[in-house]
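Down below is the structure, laid out as structure tokens.
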Number of protein chains: 2
Amino acid sequence: MADTGTQTPRERYRAHIRAEIRERAWEQIATAGASALSLNAIAKQMGMSGPALYRYCAGRDELITELVREAYRSLADTFHATAASESGTDPAAPAAALAHALRGWALDDPQRYFLVYGTPVPGYHAPDDVSGIASEIMTTLLDAYAASPPDGPEALRRALTFWTRLHGLLSLELAGHFTGMDVDPALMFAAELDDLPPRRRDPHRGH
Amino acid sequence: MADTGTQTPRERYRAHIRAEIRERAWEQIATAGASALSLNAIAKQMGMSGPALYRYCAGRDELITELVREAYRSLADTFHATAASESGTDPAAPAAALAHALRGWALDDPQRYFLVYGTPVPGYHAPDDVSGIASEIMTTLLDAYAASPPDGPEALRRALTFWTRLHGLLSLELAGHFTGMDVDPALMFAAELDDLPPRRRDPHRGH
DNA sequence: TGCGTTCGTTAGAAGTTATAACGCAACACG
DNA sequence: CGTGTTGCGTTATAACTTCTAACGAACGCA
């Protein structure tokens, strides 16, 4: 993006190292969870010893925040791509396409999903740009529902229902709460997706 | 249960200390999350220094497992109590009662909820008795749905839908993903609860 | 009263995050 | 092409953490 060509060798090197740090961090998170992420272990894996890593990242929390940002960005991009590729086809389907994209993204790396939608740390507040990406994701979903009936509040309600229902299903599936319970998550997902657009399209405001 | 009267003074003392340990642990978890739980800090809070705690609990993981068990047990008891108190009243309502009980239990201590349904640690497997309590919870929910139509698979489907939808809503609410999004979680919850029993072929009573 | 169990202590090993100070290599500039 | 500044990686250190080992003292039971 920002003139990659006019990078000094040092900037180039820094970017490379930082990328490798994030890469190793993702590996660790995938195998042992975010709470087990160790800067020291990453440094040793990269052949350098301990404090050298602090040249490239301010600390453990900053690195995790960067990974959270990367995860949000990844989901936002996935949503954008599916929304774009689905814009020409069946105008009633974009929500379904987003649903499948979400499930694929979640199954692709469960811990990445949990980094976005998992247990929050009580004190922690995400930086502004991260919540910006979060609202970007929500907007993409909202657009998918605003397409058919150009109705604000109703589209929001549908988008929220999409989000909460699919998240409930995915979250429990990824956490392994369905194991040994004779239930096919993929089938459940399909069933919920089928139920998703509330059939009562008539003005059902009264609550 | 097992003759509390015939406790030796030492057993009595041990039980008291262990209870205080769990109490302090819950305080820490509520304010800083489970990943920040520190045995050392608990010991200092209790006026004794560090390794003394290892007389009462095998280690950090064992303590967390005990808290997870306590959380599961608490939810199971809440469900049992709700189902029992609701057994005499409206036979179509027990699921709704369970739903409100679940939401109350979740809001009462969000981190306790996440200890049960939050981000899992990839390697960790809960001990048998904990998964026993989990299935006990599911059975209570299942009974609430098996009451009206004595139909196995359909009751399971409804119970699972109850679980996944309400968990999705609660999980996102407790994690704060609705903040700044002009949405009332309580209203959303009521709306989802209203949509819950799929009204396809309900012989007794439509909604 | 005596004896054994159990408790809480301190000491220590092996980790972790994170900072400070130092030497050296690499880059940039005259 | 040399020189100087910048930045990288090192080791040392502090302050944590979990957890084990060994010791003395208190407690309970006979």
Side-chain angles (χ1 to χ4, degrees), chain A residues 3-29 31-68 115 121-124, chain B residues 3-29 31-68 115 121-124:
Chain A
D3 34 16
T4 322
T6 69
Q7 267 186 340
T8 88
R10 285 215 146 120
E11 284 170 340
R12 192 171 271 280
Y13 181 70
R14 272 189 79 81
H16 187 261
I17 294 282
R18 288 176 67 95
E20 183 171 352
I21 290 174
R22 287 194 300 271
E23 198 177 322
R24 307 282 188 180
W26 280 118
E27 293 172 11
Q28 280 195 14
I29 285 183
T31 63
S35 65
L37 184 136
S38 159
L39 291 190
N40 239 314
I42 292 176
K44 276 197 287 188
Q45 271 188 350
M46 292 177 62
M48 50 183 167
S49 221
L53 245 100
Y54 287 81
R55 297 277 176 198
Y56 305 99
C57 93
R60 212 189 94 110
D61 290 5
E62 195 256 10
L63 175 57
I64 289 189
T65 294
E66 207 164 339
L67 298 179
V68 169
L115 218 52
V121 174
Y124 181 79
Chain B
D3 27 34
T4 323
T6 68
Q7 266 186 341
T8 88
R10 285 214 146 120
E11 286 171 339
R12 192 171 270 279
Y13 181 69
R14 272 189 81 80
H16 187 261
I17 294 282
R18 287 176 67 96
E20 184 171 352
I21 290 175
R22 287 194 299 271
E23 198 176 322
R24 307 282 188 179
W26 280 118
E27 292 172 11
Q28 280 196 13
I29 285 182
T31 62
S35 65
L37 184 137
S38 158
L39 292 190
N40 238 314
I42 293 176
K44 276 196 286 188
Q45 270 188 352
M46 293 176 62
M48 49 182 167
S49 221
L53 244 98
Y54 286 81
R55 297 279 176 199
Y56 305 99
C57 91
R60 210 188 96 110
D61 289 5
E62 195 258 8
L63 176 56
I64 289 189
T65 294
E66 208 164 338
L67 298 178
V68 169
L115 219 50
V121 175
Y124 180 77

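Chain identifiers are assigned alphabetically (A, B, ...) following the order of the sequence lines, protein sequences preceding nucleic acid strands; residue numbering begins at 1 within each chain. Just so you know, these numbers come straight off a predicted model, no measurement behind them.
Between the side chain of B:Arg24 and the backbone N or O of B:Ala41, no donor-acceptor pair lies under 3.5 Å.
Side-chain N/O atoms of A:Asn40 include one lying less than 4.0 angstrom from OP1 or OP2 on C:dT17. The side chain of B:Tyr54 contributes no N or O atom lying less than 4.0 Å from OP1 or OP2 of D:dT17. In this model, the phosphate group of D:dT17 is approached by a side-chain N or O of B:Ser38 to a distance below 4.0 Å at OP1 or OP2. In this model, the phosphate group of D:dG7 is not approached by any side-chain N or O of A:Arg14 to a distance below 4.0 Å at OP1 or OP2. In this structure, A:Tyr56 reaches the D:dG9 phosphate: one of its side-chain N or O atoms is under 4.0 Å from OP1 or OP2.
Heavy-atom nearest nucleotides on DNA chain C were determined for A:Pro51 and for A:Ala41, and the one closer to the 5' end corresponds to A:Ala41. Each of A:Gly50 and B:Lys44 was matched to the nucleotide of DNA chain D holding its nearest heavy atom; the match closer to the 5' end belongs to A:Gly50.
For the pair A:Ile17 CD1 and D:dC8 P, the interatomic distance rounds to 9 Å; values are reported in whole Å. Here the P atom of nucleotide D:dG7 and the CD atom of A:Gln7 are 15 Å apart, to the nearest Å. Taking atom CG on A:Leu53 and atom C1' on C:dT16, their separation rounds to 14 Å, with Å as the unit. Atoms CD1 (B:Ile42) and C1' (D:dC16) sit 16 Å apart, rounded to a whole Å. One atom, CE of A:Met46, and another, C1' of D:dC8, lie 13 Å apart when rounded to the nearest Å. The distance from atom NE2 of A:His16 to atom P of D:dC8 is 15 Å, rounded to the nearest whole Å. With rounding to whole Å, B:Leu37 atom CG is found 18 Å from D:dC16 atom P. One atom, CZ of B:Arg60, and another, P of D:dT20, lie 15 Å apart when rounded to the nearest Å.
Between A:Ile17 atom CD1 and A:Leu53 atom CG the span is 8.5 Å, to the nearest 0.5 Å. Atom CG of A:Leu67 is separated from atom CD1 of A:Ile29 by 4.5 Å, given to the nearest 0.5 angstrom. Here the CE-CD distance, from A:Met46 to A:Glu23, works out to 9.5 Å after rounding to the nearest 0.5 Å.
In this structure, A:Ala32 and B:Val121 approach most closely via the heavy-atom pair O-CG1, 4.1 Å.
Distance from the side chain of B:Ala52 is smallest for C:dT9 among the nucleotides D:dG28, D:dC8, C:dT9. With C:dT9, D:dT18, C:dT6 as the candidates, the nucleotide lying closest to the side chain of B:Ser49 is C:dT9. Distances were taken from every side-chain heavy atom of B:Pro9 (C-beta onward) to each of D:dC29, D:dT18, C:dT5; the shortest belongs to D:dC29. Of the candidates D:dG9, C:dC7, D:dC19, D:dG9 carries the atom nearest the A:Met48 side chain, counting heavy atoms from C-beta on.
Residue contacts for A:Arg10: at a heavy-atom cut-off of 4.0 Å it reaches a base atom on one of the strands shown.
Remark: of the listed residues A:Glu66, A:Glu62, A:Glu27, A:Glu66 is the sole one forming a salt bridge (charged side-chain N to carboxylate O under 4.0 Å, His left out) with A:Arg22.
You won't find any donor-acceptor pair under 3.5 Å spanning the side chain of A:Arg55 and the base of D:dG7, going by distance alone.
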